[in-house]
Amino acid sequence: MLKSIITFAVVFFVIRLMGKRQIGEMQPFELVITLIIAEVACIPMNDPYIPLYYGLIPIVTLATLAIVLSFISRKSLKVRKLLSGSSVIVINPDGVVYENLQKLNMNMDDIIEAVRTAGYADITQIAYAIFETNGKLCVVEKEQQQGGGEEDKKSRKSENTQSDGQEQKALLPLELVVDGKINEQNIKLTGTNIRELEDVIGEKGLKISDLLYADIRQDGNAYFSPKKQKAFCSKLAISGGDNW
């Protein structure tokens, strides 16, 4: 019991020294050191025959290492990039950046989930999406989406209101193609004609396998983001629209 109390006190103290970052805000080297400290702290507590200092010395050493690395990274940009990496743009005005997805070892489903978690159901609202070094996604809206003064809010509200005074229905994009593969379930749900979809992208010299992402809304407006070309929008005939 005494060893556990002492170990807890030491770990609590060194974690306070390392800073008050939450797990989701840690840089990679900080997370690794924290995980190792948690593992090392259990060694003397689990076995009464292991001396207490077998756990305390590694904990203090790792905490010192974390503090030193943090100090050096504040002073040196090169060390900071080496330890933490750099921010990566995954969406820009030309669409989803396929090469950067490969660098991050991510697929399109990961991007869609991250964007939705950030509060954006529609990729067409986004000018830039950037993965920070701590793994969080930063989203920059397109100019017409960004907030302004009270007049801007009133203007956007009037544009979204029909002549009869009723608010327009919110549009929810459904994925038609992800990573070059057709989503058969959403094709049936939306009533999208695959032949028409192929004709639209064929005008750009593309095939289904060349698409990184494609979606469609209840009004028939579709968004296409190829792997090697700029993103573009088009109109597709759908038989659904009221069922999602």
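Positions are given from 1, in the same order as the sequence printed here. Predicted model, so just to flag it, every value in this text is computed and none were measured.
Atom CG of residue Leu62 and atom CD of residue Glu39 lie 12.0 Å apart, to the nearest 0.5 angstrom. Within the model, atoms NZ of Lys81 and OG of Ser76 stand 10.5 Å from one another, a figure rounded to the nearest 0.5 Å. In this structure, the separation between CG on Leu171 and CG on Asn221 is 8.0 Å, given to the nearest 0.5 Å. Going from atom NZ of Lys78 over to atom OG of Ser73 covers 15.5 Å, rounded to the nearest 0.5 Å.
Counting heavy atoms from C-beta outward, Val97 and Val90 have side chains that stay 4.5 Å or more apart. The side-chain heavy atoms of Tyr128 and Ile91, taken from C-beta on, include no pair separated by under 4.5 Å. Lys227 places a side-chain heavy atom less than 4.5 Å from the side chain of Leu212. Between Val88 and Lys103 there is no side-chain heavy-atom pair separated by less than 4.5 Å. Counting heavy atoms from C-beta on, the side chains of Leu206 and Phe224 never come closer than 4.5 Å. In this structure, the side chains of Leu52 and Thr7 come closer than 4.5 Å at one or more pairs of heavy atoms. Two residues are said to be in side-chain contact when any heavy atoms from C-beta on lie closer than 4.5 Å; Ile208 and Ile182 meet this criterion. With contacts defined as side-chain heavy-atom distances shorter than 4.5 Å, the pair Ile126/Glu141 does not qualify.
With hydrophobic clusters built from ILVMFWY side chains whose heavy atoms lie under 4.5 angstrom apart, Ile37 shares a cluster with Leu65. One hydrophobic cluster holds both Val11 and Val32 under the rule that ILVMFWY side chains link at heavy-atom gaps under 4.5 Å. At a threshold of 4.5 Å between side-chain heavy atoms, the hydrophobic network of Ile, Leu, Val, Met, Phe, Trp and Tyr places Ile43 and Ile57 in one connected group. Linking ILVMFWY side-chain heavy atoms closer than 4.5 Å, directly or via other members, places Tyr53 and Ile50 in a single hydrophobic cluster. Phe13 and Leu56 fall within a single hydrophobic cluster, where Ile, Leu, Val, Met, Phe, Trp and Tyr are joined by side-chain heavy atoms under 4.5 Å apart, directly or via other members.
Summarising the geometry of Ser225 relative to Val96, their closest heavy-atom pair is OG-N, 3.1 Å, with the distance given to 0.1 Å. Here the shortest heavy-atom pairing between Leu137 and Ala118 reads CD2-CB, 4.4 Å. For the pair Ile89 and Asn92, the tightest heavy-atom approach, listed with the atom from each and the gap, is CG2-CB, 4.2 Å. Nearest approach of Ala231 to Gly95, heavy atoms of both residues: CB-CA, 3.7 Å. Nearest heavy-atom pair across Pro51 and Pro44 is O-CB, 4.0 Å. Between Ala38 and Cys42, the shortest heavy-atom contact is O-SG, 3.3 Å.
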Chi angles and distances behind the side chain to side chain contact (heavy atoms under 4.5 Å, CB included) call for Thr133, Arg80: CA-CA 10 Å; Thr133 56; Arg80 192 182 313 162; over 6 Å; no

Evaluation steps, side chain to side chain contact (heavy atoms under 4.5 Å, CB included), between Phe71 and Val79: CA-CA 10 Å; Phe71 176 78; Val79 173; over 6 Å; no

Full working for side chain to side chain contact (heavy atoms under 4.5 Å, CB included) between Ile112 and Arg116: CA-CA 6 Å; Ile112 296 171; Arg116 287 178 177 171; 3.6 Å; yes

Side chain to side chain contact (heavy atoms under 4.5 Å, CB included) between Asp215 and Leu174, worked out: CA-CA 5 Å; Asp215 63 27; Leu174 284 185; 5.9 Å; no

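Crowding of Glu113 atom CD: a count of heavy atoms from other residues, nucleotides or ligands under 6.0 Å not exceeding 12. By the 6.0 Å contact criterion, CD on Gln185 is open, its count of non-hydrogen atoms from other residues, nucleotides or ligands being 12 or less.
The closest donor-acceptor contact from the side chain of Lys235 to the backbone of Asp219 lies under 3.5 Å. The backbone N or O of Ala237 lies less than 3.5 Å from a partner atom in the side chain of Glu196, making a donor-acceptor pair. Between the side chain of Trp244 and the backbone N or O of Leu172 there is at least one donor-acceptor pair closer than 3.5 Å. Of the possible polar contacts, none joining the Gln125 side chain to the Lys142 backbone as a donor-acceptor pair under 3.5 Å is found.
Geometrically, Lys204 engages Phe232 in a cation-pi contact, judged by NZ or CZ lying under 6.0 Å from the ring centre and within 45° of the ring axis.
Of the residues listed (Asn183, Leu211, Ile187, Ile194), the one engaging Leu176 in a side chain to side chain contact (heavy atoms under 4.5 Å, CB included) is Ile187, and it is the only one.
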